[in-house]
Enquirer: 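This is the structure, below, for whatever I ask next.
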Amino acid sequence: MWMIFATVLAAGCTGKKPGGLKSGLLDVFADKVRSGELGAAVLDLETGDTVGLNGTGRYPMQSVFKFPLAMAVLHEVDRGKLSLDQKIFVTPEDLLPDTWSPLREKYPQGNVHVTVDELLSLTVSLSDNNGCDILFRLLGGTEVVDRYVKSLGVTGMNIVADEEEMAKSWEVQYRNWCEPLAMVQLLRLFWEGNALSDTSTAYLRRIMEETTTGPARLKGLLPAGVRVAHKTGSSGTSTEGITAATNDAGIITGARGGAYAIAVFVKDSPDSQEAREGLIARVARVSWDYFEAK
């Protein structure tokens, strides 16, 4: 059985009936799965009303942490410490061979200058692992990003290991954890322009909307053309057939002009990729139907 615990947080008496959304989400969680844990949070960006299922559970983020990493980089751009056209020298040693890296495919020999803009785009839109770690080193390490997130008041998130460190040991990925409710809180701060400049907010929204990974997750059951600014995260599968993380988190803009933040994390599941991604897609569709019917 999936472990299902529900929490509902209502910010004000809006008449939006967040409990109705909770009921729909529980229906999704209750069938077509075998074991593991699923966590989700949905936050109405107009009202602040929030629904969380396993909302304070700790889930390994995997590449979802590239979203707060990008925020931290753009914070430094806003401060004038970095610029998007600044060139970073990429060495052959930066291009680890046994990891997902369009950056390495483009510059297989290294010894090339790459702009911060290109590194961010590759890291967010294409989930490049080598680009991710280059950006972590540029900032001074994972602890810098972790401090930045907590400085925004988001405490339900822990960023302590980069991609190279996670690849060395199965257990390390669990040290980079996030609560679904914390992720939608961070998404809200980003979306409302309370963390970055207008220019940086628009830039990050664009490269998140250009994400190519996980098309069967948040976007899987939504109508064609819906704007989804998101970041996926995926682990490998253990020799016992357990997949530690299948994730997607982002902001969906409704046909009526409203928007909502959503984070869905599937943890330690023996189910197929189709089943795991299908759960994420169904959570997104239930949320879409709820908000579009308001």
Side-chain angles (χ1 to χ4, degrees), residues 6-29 38-55 64 67 70-71 124-125 152 154 180-232 247-265 277-294:
T7 57
V8 181
L9 308 177
C13 298
T14 63
K16 304 292 187 182
K17 298 182 181 179
L21 177 56
K22 183 188 73 171
S23 177
L25 295 179
L26 283 169
D27 288 343
V28 175
F29 287 13
L38 189 152
V42 184
L43 186 154
D44 186 336
L45 289 166
E46 291 184 23
T47 67
D49 285 349
T50 307
V51 174
L53 297 174
N54 287 346
V64 175
F67 163 59
M71 287 186 66
V124 175
S125 301
L152 297 174
V154 179
L181 288 169
M183 182 55 69
V184 295
Q185 179 188 1
L186 183 63
L187 285 162
R188 184 185 190 185
L189 289 168
F190 155 67
W191 190 257
E192 294 181 345
N194 293 325
L196 302 173
S197 68
D198 290 347
T199 299
S200 289
T201 297
Y203 171 86
L204 183 50
R205 175 178 178 174
R206 176 179 62 79
I207 62 175
M208 291 175 72
E209 288 181 344
E210 292 172 354
T211 290
T212 60
T213 56
R217 299 184 190 181
L218 287 182
K219 298 174 73 172
L221 295 176
L222 297 180
V226 172
R227 297 182 70 179
V228 182
H230 66 125
K231 185 69 204 79
T232 59
N247 307 327
D248 206 353
I251 293 171
I252 299 172
T253 301
R256 298 170 180 267
Y260 55 96
I262 181 169
V264 190
F265 298 87
E277 293 190 323
L279 281 170
I280 296 172
R282 289 174 63 197
V283 169
R285 182 67 202 210
V286 166
S287 302
W288 171 269
D289 290 343
Y290 170 79
F291 284 108
E292 289 304 296
K294 290 190 302 183

Enquirer: Is there a side-chain contact between Val226 and Lys219, using heavy atoms and a 4.5 Å cut-off?
Expert: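 Answer no - side chains too far apart.
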Enquirer: Any idea how Phe190 and Phe67 line up, ring-wise: parallel (<30°), tilted (30 to 60°), or perpendicular (>60°)?
Expert: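 The arrangement is perpendicular - the two ring planes meet at more than 60°.
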Enquirer: Quick check on side chain to side chain donor-acceptor pair (under 3.5 Å): which of Thr211, Thr213, Thr212 does Thr232 satisfy it with?
Expert: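 Passing option: Thr213.
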Enquirer: Between Val264 and Leu279, is there a side-chain heavy-atom distance shorter than 4.5 Å?
Expert: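 No - every pair of side-chain heavy atoms lies 4.5 Å or more apart.
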Enquirer: Where is the tightest heavy-atom contact between Glu292 and Gly254, given as atom of each residue plus distance?
Expert: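 Smallest interatomic distance, heavy atoms only, reads OE2-CA, 3.3 Å.
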Enquirer: Can you confirm whether Gln185 sits close enough to Leu43 that some side-chain heavy atom of one is under 4.5 Å from a side-chain heavy atom of the other?
Expert: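 No. Closest side-chain heavy atoms not under 4.5 Å.
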Enquirer: Could you walk me through whether Tyr260 and Val184 pass the side chain to side chain contact (heavy atoms under 4.5 Å, CB included) test, one step at a time?
Expert: CA-CA 9 Å; Tyr260 55 96; Val184 295; over 6 Å; no
Enquirer: To the nearest 0.5 angstrom, please state how far the CD atom of Glu277 sits from the CG atom of Asn247.
Expert: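 Spacing of CD (Glu277) from CG (Asn247) equals 11.0 Å.
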Enquirer: Output the distance between atom CG (Leu204) and atom OG1 (Thr199), rounded to the nearest 0.5 Å.
Expert: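 Here the rounded value is 12.5 Å.
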Enquirer: Looking at every heavy atom in both Ser287 and Leu21, which two are closest together, and how far apart are they?
Expert: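 For Ser287 versus Leu21, the nearest heavy atoms are CA-CD1, 3.8 Å.
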Enquirer: Which pair of heavy atoms, one from Lys231 and one from Val64, lies closest together, and at what distance?
Expert: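 Nearest pair, atom of Lys231 first, then Val64: O-CG2, 3.6 Å.
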Enquirer: Below 4.5 Å, heavy atoms only, C-beta onward: do Val42 and Phe291 meet side chain to side chain?
Expert: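 Side chain of Val42 against side chain of Phe291, heavy atoms only: contact under 4.5 Å found.
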Enquirer: Can you check whether Asp248's main-chain N or O pairs, donor with acceptor, with Arg217's side chain at less than 3.5 Å?
Expert: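 No.
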Enquirer: Quick check: closest heavy atoms across Ile262 and Val283, and the distance to 0.1 Å?
Expert: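 So the minimum-distance heavy-atom pair works out to CD1-CG1, 3.9 Å.
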Enquirer: How close do Ile252 and Ala284 get, heavy atom to heavy atom, and via which atoms?
Expert: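 Here Ile252 and Ala284 meet closest at CD1-CB, 4.3 Å.
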Enquirer: With a 4.5 Å limit on heavy-atom distance, are the side chains of Asn54 and Pro180 in contact?
Expert: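 Of all side-chain heavy-atom pairs linking Pro180 with Asn54, none is under 4.5 Å.
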Enquirer: Can you tell me how far the CD atom of Glu209 sits from the CD1 atom of Ile251, to the nearest 0.5 Å?
Expert: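 One gets 9.5 Å once the value is rounded to the nearest 0.5 Å.
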Enquirer: For a quick test of reading the model, state the closest non-hydrogen atom pair linking Ala249 to Met183 and the distance between them.
Expert: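 Minimum heavy-atom contact is CB-CG, 3.8 Å.
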Enquirer: First locate atom CG of Leu189, then atom CE of Met71, and finally report the distance between them rounded to the nearest 0.5 Å.
Expert: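 Nearest 0.5 Å value for the CG-CE distance: 6.5 Å.
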Enquirer: Using 0.5 Å steps for rounding, measure from the CG atom of Leu45 to the CD atom of Glu192.
Expert: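 Between Leu45 CG and Glu192 CD, I get 6.5 Å after rounding to 0.5 Å.
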Enquirer: A side-chain contact here means heavy atoms from C-beta on lying under 4.5 Å apart; do Thr201 and Arg205 qualify?
Expert: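 The answer is no; the side chains never approach within 4.5 Å.
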Enquirer: When you compare the side chain of Trp191 with that of Thr253, does any pair of heavy atoms fall below 4.5 Å?
Expert: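 With C-beta onward as the side chain, the pair touches.
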